[in-house]
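Values below: every heavy atom of this structure, side chains too, minus hydrogens, waters and symmetry copies. For ligands, and for the atoms within them, numbers begin at 1 and follow the listed sequence.
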Amino acid sequence: MKTTVSLTVNGEACEGDVESRTLLVHFLREQLGLTGTHVGCVVGECGACSVLVDGTLVKSCLMLAVQAHERDVTTIEGLATDGTLHPVQEAFVNGFALQCGFCTPGFVMAAHALLTRNPDPTEEEIRHDLSSNLCMCTGYVQIVEAVKHVAERRRQ
Ligand code: FES
Ligand code: FES
């Protein structure tokens, strides 16, 4: 049996029929076509599926689509505006904070959530918050530097 969920995704009203067991990440990717949210471990370890739900960072493999009913979801596709990268995305590109890019949407969402909550984080706070996400190829130095760079630019 399917249930209809209505929610806002990246500022737009969306609706879909889902099984009660459908994960939010699968709903976003397969029904809404928002494939920027990646599927990694599906057990809440890697952070590749990170999105914002009502402004809070959530691993969308740990949330059912039905739990997103009447909520406000932001995915990586919702960050850029009019073809201009979000400052966090720009900093990742300019700072070489990615290699294969599989983990990148999740890291960008986690960094965006951190900087929204705390515009001037210490390196320790950045490392603490980003510990929710795993990268197998970049190494974390460039990622942390990219987040610091965004915070510095916002202070100018
Ligand atoms: S796919 Fe969700 S945390 Fe890894
Ligand atoms: S850039 Fe390849 S997993 Fe992070």
Side chain to side chain, L57 and L52, heavy atoms closer than 4.5 Å: yes
Heavy atoms of other groups near H69 NE2, more than 12 under 6.0 Å: yes
Plane angle bin for H112 and H86 - parallel if under 30°, tilted between 30 and 60°, otherwise perpendicular: perpendicular
R154, CZ atom: more than 12 neighbouring heavy atoms under 6.0 Å: yes
In the protein, N/O/S atoms that are found under 2.8 Å from atom 4 (Fe) of ligand 1, waters not counted: C41 SG, C46 SG
Close side-chain approach of F92 to I143, heavy-atom, < 4.5 Å: yes
Between OG on residue S60 and CD on residue Q67, distance to nearest 0.5 Å: 12.0 Å
side-chain hydrogen bond (donor to acceptor under 3.5 Å, both in side chains) evaluation trace for T138 with Q99: CA-CA 6 Å; T138 297; Q99 285 187 29; 4.7 Å; no
Residue-atom pairs from the protein, N, O or S only, that lie under 2.8 Å from atom 2 (Fe) of ligand 2: C100 SG, C137 SG
Atom CZ of R21: over 12 foreign heavy atoms under 6.0 Å: no
For the student: nearest non-hydrogen atoms of L62 and V43, plus distance: CD2-C, 3.9 Å
